[in-house]
Structures are given as C-alpha cells and as structure tokens.
Amino acid sequence: MITSFLNTDSPELPGEEFELHQWLADWHHYALTDGHIHSTYELDDETVERLESYFKLGLTPREGVGVLFGTLH
C-alpha cells in the first residue's frame, strides 16, 4: 500500500513512480474538496491498484475521482 503518496517531494523516486505519487496526491485533493472523502481517508491496496490503473490509462486525477466514486454520467 502507498502510505506516503501525499509527500511528493522525495527526490529518490524514479520518474514514473514520482508521477504516480503526484497523480495520487492530486486525486486525493480533488476527492477531498469534492466531498467524497475526509482528510483521514486511507487507501487500501485494492483501491491503490484501481487508481494506478486509471493513471496508466491516462485519466486525469479528477477523472479518477469520477470513475472511482461513480460521478460520471
């Protein structure tokens, strides 16, 4: 499970992993500001895998929020 995805300042992360961490941090921001989660929300392994697949498909973090929480029409 990714436990520190909100800290994207780590210079030792490889390029794609850094981008994934940044994407997850942005996803968390949108999910939080849209009211889908609370600040204490913790991702489980299954959700991390789903979000990583959204990232690899090229979805934006906001689109990832919509897909995960079913807000797209």
Side-chain angles (χ1 to χ4, degrees):
M1 176 176 4
I2 297 176
T3 57
S4 61
F5 70 89
L6 291 177
N7 181 8
T8 58
D9 297 330
S10 181
E12 66 271 359
L13 290 175
E16 186 173 322
E17 189 172 341
F18 176 82
E19 290 174 17
L20 174 60
H21 279 243
Q22 182 62 56
W23 191 95
L24 288 169
D26 293 344
W27 174 90
H28 183 267
H29 168 77
Y30 290 126
L32 186 63
T33 57
D34 289 353
H36 296 289
I37 62 172
H38 298 286
S39 60
T40 57
Y41 179 77
E42 291 187 31
L43 291 170
D44 58 38
D45 291 336
E46 183 180 325
T47 304
V48 169
E49 288 178 16
R50 287 179 67 189
L51 291 172
E52 186 174 359
S53 69
Y54 300 159
F55 167 78
K56 287 179 178 179
L57 285 170
L59 290 151
T60 66
R62 185 169 292 283
E63 290 169 333
V65 168
V67 171
L68 188 68
F69 296 108
T71 57
L72 299 178
H73 302 306

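None of the values given here were measured: they were computed from a predicted structure. The analysis underlying the following values was restricted to heavy atoms, covering all of them including side chains, and did not include hydrogens, waters or symmetry mates. Numbering of residues begins at 1 and proceeds along the displayed sequence.
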Taking the side chain as C-beta and beyond, is there a heavy-atom pair between Ile37 and Phe69 under 4.5 Å?
yes

So Glu16 and Lys56, do their side chains get closer than 4.5 Å, heavy atoms only?
yes

Quick one: CG on Leu51 to NE2 on His28, what's the gap to the nearest 0.5 Å?
11.0 Å

Interatomic distance, Glu52 atom CD to Leu57 atom CG [nearest 0.5 angstrom]
11.0 Å

Once the angle between the rings of Trp27 and Tyr41 is folded into 0 to 90°, is it parallel (under 30°), tilted (30 to 60°) or perpendicular (over 60°)?
tilted

What heavy-atom pair brings Asp26 and Pro61 nearest, and what distance separates the two atoms?
CB-CG, 3.6 Å

Give, for atom OH of Tyr30 and atom CD of Glu63, the distance between the pair rounded to the nearest 0.5 Å.
10.5 Å

Report the C-alpha distance between Leu32 and His29 in whole Å, list the side-chain angles of each, state the deciding distance to 0.1 Å, and finish with yes or no for side chain to side chain contact (heavy atoms under 4.5 Å, CB included).
CA-CA 5 Å; Leu32 186 63; His29 168 77; 5.9 Å; no

Residues that Thr47 engages under side chain to side chain donor-acceptor pair (under 3.5 Å), provided they are two or more places apart
Asp44

Please name all residues satisfying side chain to side chain donor-acceptor pair (under 3.5 Å) with Tyr54, sequence neighbours left out, ordered by chain then number.
Arg50

Has the side chain of Gln22 got a donor or acceptor atom that lies under 3.5 Å from a matching backbone atom of Glu19?
no

Got a sec, which pairs hit salt bridge (Lys or Arg N to Asp or Glu O under 4.0 Å) with one end in residues 28-37, sequence neighbours left out?
Asp34-Arg62

